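A quick write-up on the structure given underneath.
Because the structure is predicted, anything quoted here is derived from the model rather than measured. Scope of the values below: all heavy atoms of this structure, side chains included, with no hydrogens, waters or symmetry mates.
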Amino acid sequence: MLQVPFIRENKALVIERLAKRNIDATQLIDDVVTFDEDRKRLQTELDNTLAESNTLSKEIGNLYKSGEAQKAHLLKEKTSQLKEASKQLSEALSNKVEALNELLYKIPNVPNKLVPRGNSEADNEEIFNEGDVPKLHDGALPHWELAKKYDIIDFELGTKITGAGFPVYKGKGARLQRALIAYFLNKNTAAGYTEYQLPLMVNEASAFGTGQLPDKEGQMYHVTEDNLYLIPTAEVPGTNIFRDVVLGETELPVSITGYTPCFRREAGSYGAHVRGLNRLHQFDKVEIIRVEHPTKSYEALDGMVEHVKDIIKELKLPYRILRLCGGDTSFASALTYDFEVFSTAQDRWLEISSVSNFETFQANRLKLRFKNSDGKNELAHTLNGSALALPRVLAGILENYQTKDGIVIPEVLQPYTGFKIIN
RNA sequence: GGAGAAAUGGCAGAGUGGUCGAAUGCGGCAGUCUUGAAAACUGUUGAGGGUCACACCUCCGGGGGUUCGAAUCCCUCUUUCUCCGCCA
């Protein structure tokens, strides 16, 4: 969530930038400012009442000690009035704070100045494009048919065991998954990220911390018996490591990576373009997360983009990088780059990574701070990205590397798979 | 799952219903001394709201209650530890 002082001091900028998301926030921003003024007024009133009551209580104590019980009784009457007043004030105050927070929860992050204005993916800006699109042989197949042909992914079996969107990887398919995970983790740790194994379920506070709650509750699987949520991404447990944490300035930057399965209900998204691996309820992802000094976060974002680029290049997949427009940038992000692999057999781009700088938006809700050089606590910047999401990388490999003789394994993966071709 | 004990500042650890945002030690920071460092000594050192700055208010695991007044008493939840049971 945004910080109220920032909104107050940069009203025009906030409104102008939010317009990139096609949001007219004028009313919302005005409301935030007036609600906050109300909040301050109530707080001051309450504080004064409490101060008076504190003073009287001390006096009463003194009167009892000096044996003037009657005078004390008189003062007690006064304090009970004050108590009633403070009760009402604090109720009004907490209502106001809640109302203010509800407004703040509705306001997405302020896009960076680089973000193009726009509504949908059509307005995203392609900033980089690399890799040759292979010429496939006649009769090239989409990955779901390749998966069947070579018996490496069984979608029907997953449907039997669990339901649609829970594929079963078999034989060389399973081994290829494991290879990709190991390869990604090795690349990330080599780049300085510390590997973590994280819980796959999180509590309510964590889901709140990264903003899955209260808005996106329907997107997560909820274990109601214990009130836990299955993680939709490692970002949730990974970023919540830093909830209510004050880091030393020298501890920055923090870079972590982790492999986790991800669970998403994807309610309402069915259809032809979500076939096969394109959209799943359970999938694997290796995530990178950084906590940065505010002055360094955009440098770090560029570094993450280069890092992901390097991985895709090594896999020799044709890809492009998009700078997302305002309308397509996620709620918490200030600037997002998407990576897409071109699938020749499907003749379409598949999103395989999304790298974002959240600036202080997440940190504010998480209360993730660092002690700056003045000794003051200051909100840190958080960033994350996929490096990478497995299913569509797998789809890209299967479809782009298919030959008449089978699916060739990209060279960098061969040490991990132990085989060179799936046939 | 059962029985018991506990939760206090960065850490360790005191704390009688009022004078407690909280002793003390360690650590951190600044200074004295020193060519420099160490040691020693002196000072300083939680967070949030609020203010031009003060004042003032809130916070002793979370929530609720008793009381004029709660770190301290009561209820409840959570977590940790010890013992028992179960278990990869």
Side-chain angles (χ1 to χ4, degrees), chain A residues 1-9 32-104 197 199-209 213-214 223-229 237 240-252 254 261 291 360 362-380:
Chain A
M1 60 201 274
L2 293 174
Q3 300 165 83
V4 177
F6 176 81
I7 294 177
R8 200 192 308 128
E9 284 154 32
V32 166
V33 173
T34 50
F35 276 43
D36 188 52
E37 277 162 9
D38 293 348
R39 192 213 97 232
K40 275 194 210 172
R41 189 177 44 74
L42 285 166
Q43 180 80 62
T44 308
E45 224 174 306
L46 174 63
D47 285 356
N48 291 340
T49 311
L50 289 174
E52 201 178 329
S53 163
N54 287 344
T55 316
L56 286 177
S57 291
K58 274 177 198 161
E59 272 178 50
I60 290 170
N62 289 332
L63 287 172
Y64 272 122
K65 263 181 206 163
S66 53
E68 298 173 89
Q70 276 199 326
K71 279 191 185 172
H73 273 293
L74 282 174
L75 287 184
K76 272 195 197 181
E77 273 176 42
K78 224 174 177 179
T79 52
S80 60
Q81 282 172 24
L82 288 174
K83 202 177 176 183
E84 185 56 36
S86 68
K87 204 172 176 180
Q88 282 178 18
L89 281 170
S90 78
E91 206 168 298
L93 177 64
S94 58
N95 286 341
K96 190 52 83 176
V97 169
E98 204 179 307
L100 176 59
N101 279 335
E102 256 165 55
L103 288 181
L104 290 171
Q197 277 205 10
L200 306 184
M201 291 197 232
V202 294
N203 58 28
E204 216 170 21
S206 292
F208 241 95
L213 294 179
V223 181
T224 51
E225 180 79 18
D226 297 294
N227 200 24
L228 297 173
Y229 295 87
N240 272 284
I241 292 170
F242 305 102
R243 173 154 47 88
D244 292 317
V245 164
V246 181
L247 294 163
E249 198 170 24
T250 53
E251 291 176 81
L252 296 175
V254 182
V291 181
T360 59
Q362 284 185 327
N364 190 31
R365 204 190 273 201
L366 288 165
K367 296 204 186 70
L368 162 54
R369 294 160 297 175
F370 69 99
K371 207 158 277 290
N372 66 21
S373 44
D374 298 332
K376 294 275 176 224
N377 288 343
E378 185 178 337
L379 292 175

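- Residues A:Asn203 and A:Leu228 have side chains in contact (heavy-atom distance under 4.5 Å, counting atoms from C-beta outward).
- For the C1' atoms, the distance linking B:C81 with B:U45 amounts to 31 Å, nearest Å.
- Across all strands shown, B:G69 forms no Watson-Crick or G-U wobble pair with both key distances under 3.5 Å.
- The residue A:Arg369 sits close only to the backbone: its heavy atoms come under 4.0 Å of sugar-phosphate atoms, none of a base.
- Between A:Ala85 and A:Thr49 the shortest heavy-atom distance is CB-CG2, 4.3 Å.
- Between B:G25 and B:U76, the distance separating the two C1' atoms is 36 Å to the nearest Å.
- Of all nucleotides present, none satisfies the Watson-Crick or G-U wobble test against B:U19 with each distance under 3.5 Å.
- Remark: P of B:U58 and CZ of A:Arg39 are 16 Å apart, rounded to the nearest angstrom.
- For the P atoms, the distance linking B:G61 with B:G10 amounts to 13 Å, nearest Å.
- B:C75 and B:U82: their P atoms are spaced 26 Å apart (whole Å).
- Rounded to whole Å, the separation between the P atoms of B:A70 and B:C59 comes to 9 Å.
- Looking at heavy-atom distances under 4.0 Å, A:Leu50 makes contact with sugar-phosphate atoms alone, never a base.
- Looking at heavy-atom distances under 4.0 Å, A:Thr79 makes contact with sugar-phosphate atoms alone, never a base.
- With a 3.5 Å ceiling on both atom-pair distances, B:A53 lacks any Watson-Crick or G-U wobble partner.
- Other residues, nucleotides and ligands contribute at most 12 non-hydrogen atoms within 6.0 Å of the CD atom of A:Glu91.
- Nucleotides B:G9 and B:C84 place their P atoms 31 Å apart, quoted to the nearest Å.
- To the nearest angstrom, C1' of B:G10 lies 12 Å from CG of A:Asn377.
- Where A:Ser80 and A:Lys376 meet RNA chain B, the nucleotide closest to each residue was compared, and A:Lys376 sits on the side nearer the 5' end.
- Protein atom CG of A:Asn62 is 16 Å distant from nucleotide atom P of B:G69, rounded to whole Å.
- Rounded to whole angstrom, the span from the CG atom of A:Asp244 across to the P atom of B:G48 amounts to 12 Å.
- Within 4.0 Å of A:Asn54, counting heavy atoms only, lie sugar-phosphate atoms of the nucleic acid but no base atom.
- In this model, a side-chain donor or acceptor of A:Asp47 finds a partner on the base of B:G49 within 3.5 Å.
- Atoms CD (A:Glu45) and P (B:G50) sit 16 Å apart, rounded to a whole Å.
- The partner of B:A30 is B:U42, by the rule that a Watson-Crick or G-U pair needs both atom distances under 3.5 Å.
- A distance of about 16 Å separates the P atoms of B:U67 and B:C74, rounded to the whole Å.
- Base pairing of B:C60 is not made with any nucleotide, judged by Watson-Crick or G-U wobble geometry with both donor-acceptor distances under 3.5 Å.
- Counting all heavy atoms, side chain and backbone alike, A:Leu104 lies closest to A:Leu2 at CD2-O, 4.1 Å.
- In this structure, A:Asn372 contributes its side chain and A:Glu378 its backbone to no donor-acceptor pair below 3.5 Å.
- Positionally, the nearest nucleotide of RNA chain B for A:Lys87 lies more toward the 5' end than for the other of A:Lys76 and A:Lys87.
- Residue A:Lys371 is in sugar-phosphate contact alone, with no base atom involved, counting any heavy-atom pair closer than 4.0 Å across all strands shown.
- Side-chain proximity of A:Lys83 to B:U67, B:G18, B:U51: nearest is B:U67.
- Distance CG (A:Leu46) to C1' (B:G48): 15 Å, rounded to an integer number of Å.
- Residue A:Lys78 is out of contact with every strand shown, counting any heavy-atom pair closer than 4.0 Å.
- Nucleotide B:A14 is matched to nothing when pairs are restricted to Watson-Crick or G-U wobble geometry with both distances under 3.5 angstrom.
- Computed from coordinates, the A:Lys367 NZ to B:G46 C1' distance equals 15 Å when rounded to whole Å.
- Atoms CG (A:Asn48) and C1' (B:U58) sit 14 Å apart, rounded to a whole Å.
- With both ends at atom C1', the span from B:A37 to B:G48 equals 40 Å, rounded to whole Å.
- You'll find that the side chain of A:Ala51 is closest to B:C56, out of B:G18, B:C56, B:G50.
- B:A88: no Watson-Crick or G-U partner with both key distances under 3.5 Å is found in any strand.
- B:A5 is paired with B:U80 under the Watson-Crick or G-U wobble criterion, all donor-acceptor distances under 3.5 Å.
- The number of heavy atoms from other shown groups lying within 6.0 Å of NZ (A:Lys96) is above 12.
- Side chains of A:Gln43 and A:Asp47: a donor on one and an acceptor on the other come within 3.5 Å.
- Across all non-hydrogen atoms, the minimal contact from A:Thr360 to A:Gln3 is OG1-NE2, 3.2 Å.
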